[in-house]
Q: 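Here it is: the structure, laid out below.
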Amino acid sequence: MKQDWKPGTMIYPLPAVMVSCGSNENEYNVLTIAWVGTICSDPPMCYISVRPERYSYAILKKNMEFVINLTTRKMARETDWVGVRSGRKYNKFEETGLTIGKASIVRAPVIEESPLCIECKVKEIISLGSHDMFIADVVNVLADETYIDRETGRFKMEEVDLLVYAHGNYYGMGEHIGKFGWSVQKKQ
């Protein structure tokens, strides 16, 4: 038997990412976001949703670009810390020891510890209520060579040990169950 609950955000798990923003070292900031996702494959597009009262909101709106930095189990403490501390009071890069890297296309920094950094340029901002959605074009992806298969050129996402967020908690990814389409593949 199922029980009615009030409407809420119960689509979990979600990636727990760190979004870096700013156009110069005096403005650089990073925040943790779980309201993030892919919205189109061709052209590649994604979104982040941010509360307007967040310190990074004005930086994002001014510069209209950001980097989505995927996080790992090893980065869990830093991921949580930058999500609960404000850039108004802290230099989050200094406080966490995260390394600022240079993006290839956008002015926002990348986080060197991240296995995959997704450079984005904002196309549109939609006010939704508690959050505004920044819809963005993916203009470049920086991949840690450690996770690139030398023979196939494929990024080995399964080796990254991604961090996910579910209903107020962080988790590491679980065991591999199958690849896309495995349920209908013909047996050899």
Q: Can you name the residues that form a salt bridge (Lys or Arg N to Asp or Glu O under 4.0 Å) with Lys156, not counting sequence neighbours?
A: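 Applying salt bridge (Lys or Arg N to Asp or Glu O under 4.0 Å) to Lys156 gives Glu159.
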Q: Could you work out, with side chain to side chain donor-acceptor pair (under 3.5 Å) as the rule, every residue matching Lys62, not counting sequence neighbours?
A: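 With neighbours one apart ignored, the set is Glu27.
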Q: I need the single residue from Met18, Met75, Arg77, Glu95 that forms a side chain to side chain contact (heavy atoms under 4.5 Å, CB included) with Val82. Which is it?
A: Met18
Q: Check ring pair (Phe, Tyr, Trp, His ring centres under 6.0 Å) between Tyr28 and all other residues, then give those that pass, not counting sequence neighbours.
A: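 Per chain and number, Tyr28 pairs via ring pair (Phe, Tyr, Trp, His ring centres under 6.0 Å) with no residue.
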Q: In chain order, what residues pass the salt bridge (Lys or Arg N to Asp or Glu O under 4.0 Å) check against Glu25, with sequence neighbours excluded?
A: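 So Glu25 forms no salt bridge (Lys or Arg N to Asp or Glu O under 4.0 Å) with any residue.
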Q: Mind checking what makes ring pair (Phe, Tyr, Trp, His ring centres under 6.0 Å) contact with Tyr57, not counting sequence neighbours?
A: Phe134
Q: Considering only residues two or more places apart or on different chains, which pairs with a residue in residues 58-110 satisfy ring-ring contact (aromatic ring centres under 6.0 Å, His included)?
A: Trp81-Tyr90
Q: Can you name the residues that form a ring pair (Phe, Tyr, Trp, His ring centres under 6.0 Å) with Tyr171, not counting sequence neighbours?
A: none
Q: In chain order, what residues pass the ring pair (Phe, Tyr, Trp, His ring centres under 6.0 Å) check against His176, with sequence neighbours excluded?
A: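 For His176, no residue satisfies ring pair (Phe, Tyr, Trp, His ring centres under 6.0 Å) once neighbours in sequence are set aside.
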Q: With sequence neighbours excluded, tell me which residues meet salt bridge (Lys or Arg N to Asp or Glu O under 4.0 Å) with Arg85.
A: none
Q: Please write out which residues are connected to Met45 in a hydrophobic cluster, directly or through intermediates, given that two of Ile, Leu, Val, Met, Phe, Trp, Tyr count as joined at side-chain heavy-atom separations below 4.5 angstrom.
A: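 In the cluster with Met45 are Ile39, Tyr47, Ile126, Leu128, Met133, Ile135.
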Q: What salt bridge (Lys or Arg N to Asp or Glu O under 4.0 Å) pairs are there with at least one residue in residues 102-124, not counting sequence neighbours?
A: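 Checked against salt bridge (Lys or Arg N to Asp or Glu O under 4.0 Å) - neighbours excluded - the pairs reaching residues 102-124 are Glu65-Arg107.
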Q: List for me each residue that meets side-chain contact (heavy atoms from CB on, under 4.5 Å) alongside Thr146, sequence neighbours excluded, and say none if there are none.
A: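 Expected list: Asp144.
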